[in-house]
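All of these numbers come straight from a predicted model, not from anything done at the bench.
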Amino acid sequence: MSTFKEYAKRAKERMKNGFWEQAKQNIQTEKQVAATLGLNTAKVGEEQRRKLQRQIYDYDGFCEEEEFYSKVAAILDSDELVSNPIMRLADQEYLAKLSPAERQVYISKLAAKYREAVEHYRQLRSS
């Protein structure tokens, strides 16, 4: 299927399923929560809009990011002591194909992504 047809199909699904009404409601809810917590509601609204934009225009990347975050949250929520979460999150098949230098770059990027996810997790849980 062509990319244009795929985008059109997703847009039609969003309209049928009430996606936009739900998105507006989510933004308003997030702004209200931010206001009660004393946060900048404009920044929270803008962050929600960026997330929505990414969900629409980079759907695959958005899904991949959400899946990664859910894996990190599962690690952090578990009672198990995980000594090396980076290697647990790494794609072992892909890692085996890399040279030592490429492996180091991959692990460094994964570690940075993990730190961002942990920070996001803590921000959400501290509220």
Side-chain angles (χ1 to χ4, degrees):
M1 184 182 296
S2 74
T3 306
F4 184 73
K5 285 184 179 181
E6 199 172 307
Y7 287 147
K9 183 179 176 183
R10 287 182 186 160
K12 187 175 181 180
E13 279 182 34
R14 284 192 297 270
M15 292 187 71
K16 280 184 176 180
N17 296 332
F19 176 84
W20 293 109
E21 290 79 18
Q22 184 67 34
K24 287 178 187 177
Q25 187 178 21
N26 286 346
I27 290 173
Q28 287 301 328
T29 303
E30 289 293 326
K31 283 183 175 182
Q32 289 172 350
V33 169
T36 60
L37 295 173
L39 303 173
N40 186 341
T41 57
K43 283 186 179 180
V44 170
E46 186 61 33
E47 180 182 332
Q48 289 297 317
R49 285 185 193 91
R50 271 190 251 117
K51 185 176 179 182
L52 185 64
Q53 186 177 23
R54 181 157 164 86
Q55 183 178 359
I56 293 169
Y57 296 114
D58 186 16
Y59 184 73
D60 295 333
F62 175 79
C63 290
E64 195 175 291
E65 191 175 290
E66 289 295 311
E67 182 181 339
F68 182 81
Y69 177 75
S70 66
K71 287 179 182 178
V72 170
I75 289 171
L76 296 173
D77 285 337
S78 74
D79 293 333
E80 177 186 359
L81 178 62
V82 179
S83 61
N84 194 351
I86 305 300
M87 292 310 290
R88 184 175 281 193
L89 294 168
D91 182 354
Q92 298 300 323
E93 290 178 22
Y94 176 71
L95 198 60
K97 296 176 185 176
L98 298 176
S99 70
E102 291 171 329
R103 187 176 299 135
Q104 187 65 35
V105 170
Y106 174 72
I107 291 172
S108 295
K109 287 181 180 179
L110 192 61
K113 193 173 175 183
Y114 175 74
R115 281 191 300 273
E116 288 176 12
V118 168
E119 184 177 313
H120 181 67
Y121 174 87
R122 288 187 178 145
Q123 286 176 350
L124 291 176
R125 298 297 194 252
S126 68
S127 318

Quiz prompt | Contact check, side chains of Lys51 and Glu66, non-hydrogen atoms, under 4.5 Å | solution = yes
Practice problem: List the atom of Ile86, the atom of Ala111, and the distance in Å for their closest heavy-atom pair. | Solution: CD1-CA, 3.7 Å
Quiz prompt | Cluster check Val105, Ile107: I/L/V/M/F/W/Y, side chain < 4.5 angstrom | solution = no
Contacts table for residues 11-25: side-chain donor-acceptor under 3.5 angstrom, sequence neighbours left out:
from	atom 1	to	atom 2	distance (Å)
Asn17	ND2	Glu13	O	3.1
Gln22	NE2	Asn26	OD1	3.2

Practice problem: Establish, from distance only, whether the side-chain atoms of Glu102 and Ser99 form a donor-acceptor pair under 3.5 Å. | Solution: yes
Practice problem: Could you pull out all residues at least two apart from Tyr106 that satisfy ring pair (Phe, Tyr, Trp, His ring centres under 6.0 Å)? | Solution: Tyr94
Quiz item: Can you tell me how far OG1 of Thr41 sits from CD of Gln32, rounded to the nearest 0.5 angstrom?
Solution: 10.5 Å
Quiz item: Between Arg88 and Glu80, is there a side-chain N and carboxylate O pair less than 4.0 Å apart?
Solution: yes
Practice problem: Check ring pair (Phe, Tyr, Trp, His ring centres under 6.0 Å) between Tyr69 and all other residues, then give those that pass, not counting sequence neighbours. | Solution: His120
Quiz item: Is any side-chain heavy atom of Thr29 closer than 4.5 Å to a side-chain heavy atom of Ile27?
Solution: no
Quiz item: Taking all atoms of both residues into account, what is the closest heavy-atom pair of Ser78 and Ile75, and its distance?
Solution: OG-O, 3.0 Å
Quiz item: Say you draw a straight line from CD of Gln28 to NZ of Lys31; how long is it, rounded to the nearest 0.5 Å?
Solution: 5.5 Å
Self-check item: Glu6/Arg10 ion pair, N-O < 4.0 Å
Solution: yes
Self-check item: Pairing of Lys71 and Glu67 as salt bridge, 4.0 angstrom limit
Solution: yes
Practice problem: Working to the nearest 0.5 Å, report the span between CG of Leu110 and CG of Leu95. | Solution: 9.0 Å
Self-check item: Inter-residue atom distance Arg122.CZ - Leu76.CG, 0.5 Å rounding
Solution: 7.0 Å
